[in-house]
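Any value given below was found using the heavy atoms of this structure, including those in side chains, with hydrogens, waters and symmetry copies removed.
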Amino acid sequence: MINMHSYSERRRLSTNLTCNSEIEMNMGPSQAKQCQLRAFLTYYINDLFLNQVRTEINKEIEAVSKAADPLKILANADTMKVLGVQRPLLQSTVVVEKSIQDLMSLMQDLSAYSNQFLEMVCDKLKEYKEICNTAYRGIVQCEEKLTISASWSKDEDISRLLQSLPNWANMTQPRQARQKREDEDDYTRTAFAKESEVLTGNLGDKLIPQNEILRDVSDLKALANLQESMEWLSTRLRVFFNTLSPASHTHTHTHTPPPREQILQTLSDLTRGFQDIADRCLLVLHLEVRVHCFHYLIPLTKQGNYAIVANVESMDYDPLVVKLNKDISAIEEAMGAALQQHKFQYIFEGLGHLISCILINGAQYFKRISESGIKKMCRNIFVLQQNLTNITMSREADLDFARSELSSSHTYTELNRLTPGVRYTELEYINALSLLHRSQTGVGDLSTQNTRLQRLKEIICEQAAIKQATKDKKITTV
């Protein structure tokens, strides 16, 4: 990496500075001010050595960061093994980290100039942070417009909500270290429901054009590589900077650096900035796979000529469902290789709940649905469920429920048998019940439908009261 004019030269400089200090201690104050060794060393370090160090750093960083596609040039397997990392890192990140490490080593050898080296560290990290931000925008922005997932991740309300949910917090804790909750399943489902509600509400029933999603899986992989790299760099920087003392030991010479406290604050902000990039990338990946679900499933429910409507006998999977499954599988393969397991789980957990919400909400657009349409919709949901089950290694029971709700022969029975508790919103149940009335003859007139809708609301209120009473009882008996 950085030569820094060899370790022996650095040691000579350090030794000369030490000797100079000893000489000055033995000289009178007036003589010490005119010590020629002091003047020579100050000139050499300020005007030659520090500039040469900057030049060498710039060359090495520019060589890896100004490539045509810096987010797709990864460190080799040997480097990963030496660093002890399990997922690929960007080559540019590894070079920057090593450069910072070398500068920190120089600081120890030439402690009188520590602030100058810290300024170099600040400058290089600022430049690299901008390079990473530019590369990020190059993926998620097209003609000054962000993709939907990037736009949502930038939205303060959405990002704050997502980062407040337990699945985000769980990423920072090993599963065995988490506090076990008695109502773990309900707690998790509530979190998924809140996310689904916010995302579906934010989008409404708008169709998503192709240019507002990330269709190229290599772009998603690049974001995953950037995420892992920024998080790793931020962690390494914290290790470096936590050892620094706020006390200043700067030698007196021509150039006066900013106060050490100011430099350390800048370094702390930069460290946080790299972690922010990592968090943003993970949110985009989490949201992008959900945007793909909206992209394919909303047209499935809104176009009346699809096989889910009456009198269509084809039992093939819907082409949009096939495409969605293909996308999910491709994203799974890329994320499995690029991201650590807990981040991989974060991206896919809760996806079944969102898919079921989209389909149940979409029931309001079905003019009516036939028995063959029911069978086809159930097959569509089942093939999605199989795929997600293979990814998350869980049953994805939300999709079982969606099949039940969208099956008009079972809908009213299910609505009157809510003993497990209310799993979806009142509007979603109303949409399913309304579809039943539109699709089947002999289920009652408008007055009967209104009576059943009123009974539905009563059931939902009763279940909410039972759930709250159960919680209150647990609290009072502890």
Nearest 0.5 Å, what's the CZ-CZ distance between F274 and R238?
-> 12.0 Å

Are the side chain of D155 and the backbone N or O of S151 linked by a donor-acceptor pair below 3.5 Å?
-> no

Give a yes or no on whether the backbone of A193 and the side-chain of S196 come within a donor-acceptor separation of less than 3.5 Å.
-> no

Does any N or O in the side chain of N325 come within less than 3.5 Å of the main-chain N or O of V383, such that one atom is a donor and the other an acceptor?
-> yes

Check the surroundings of atom CD in E130: do more than 12 heavy atoms from other residues, nucleotides or ligands lie under 6.0 Å from it?
-> yes

Is a donor on one side and an acceptor on the other found under 3.5 Å between the side chain of S268 and the backbone of L264?
-> no

Sub-3.5 Å donor-acceptor pair from the side chain of N380 to the main-chain atoms of D318, do we have one?
-> yes

Identify the heavy atoms of C281 and L226 that sit nearest to each other, and give their distance.
-> SG-CD2, 3.6 Å

Can you pull the salt bridge (charged side-chain N to carboxylate O under 4.0 Å, His left out) pairs that have at least one residue in residues 278-299, sequence neighbours excluded?
-> E195-R290, R272-D279

Residues passing the ring-ring contact (aromatic ring centres under 6.0 Å, His included) test with Y346, sequence neighbours excluded, are W168, H286

Is the shortest distance from a Lys or Arg side-chain nitrogen in R87 or E231 to a carboxylate oxygen in the other one below 4.0 Å?
-> no

Taking NZ, NE, NH1 and NH2 as the nitrogens, is one of them in K126 or E119 under 4.0 Å from a carboxylate oxygen of the other?
-> no

For D269, which residues count as a side-chain contact (heavy atoms from CB on, under 4.5 Å) partner, sequence neighbours excluded?
-> Q265

Any donor-acceptor pair under 3.5 Å from S234 side chain to T271 backbone = yes

Look only at the side chain of Y317 and the backbone of R379, and say whether a donor-acceptor pair between them is shorter than 3.5 Å.
-> no

For K129, check salt bridge (charged side-chain N to carboxylate O under 4.0 Å, His left out) against everything at least two apart and list the hits.
-> none

Please list all pairs passing the ring pair (Phe, Tyr, Trp, His ring centres under 6.0 Å) test where one or both residues lie in residues 201-220, with sequence neighbours left out.
-> none

Any side-chain donor paired with an acceptor under 3.5 Å for Y296 and D327?
-> yes

Residue pair N76 / T79, side-chain donor-acceptor N/O under 3.5 Å = yes

Sub-3.5 Å donor-acceptor pair from the side chain of T147 to the main-chain atoms of E212, do we have one?
-> no

Has Q341 got more than 12 heavy atoms of other residues, nucleotides or ligands less than 6.0 Å from its CD?
-> yes

Residue list, side-chain contact (heavy atoms from CB on, under 4.5 Å) with I139, at least two apart or on another chain | L71, L214, D219, A222, L223

Is S329 reaching over with its side chain to a backbone N or O of K326, donor-acceptor style, under 3.5 angstrom?
-> no

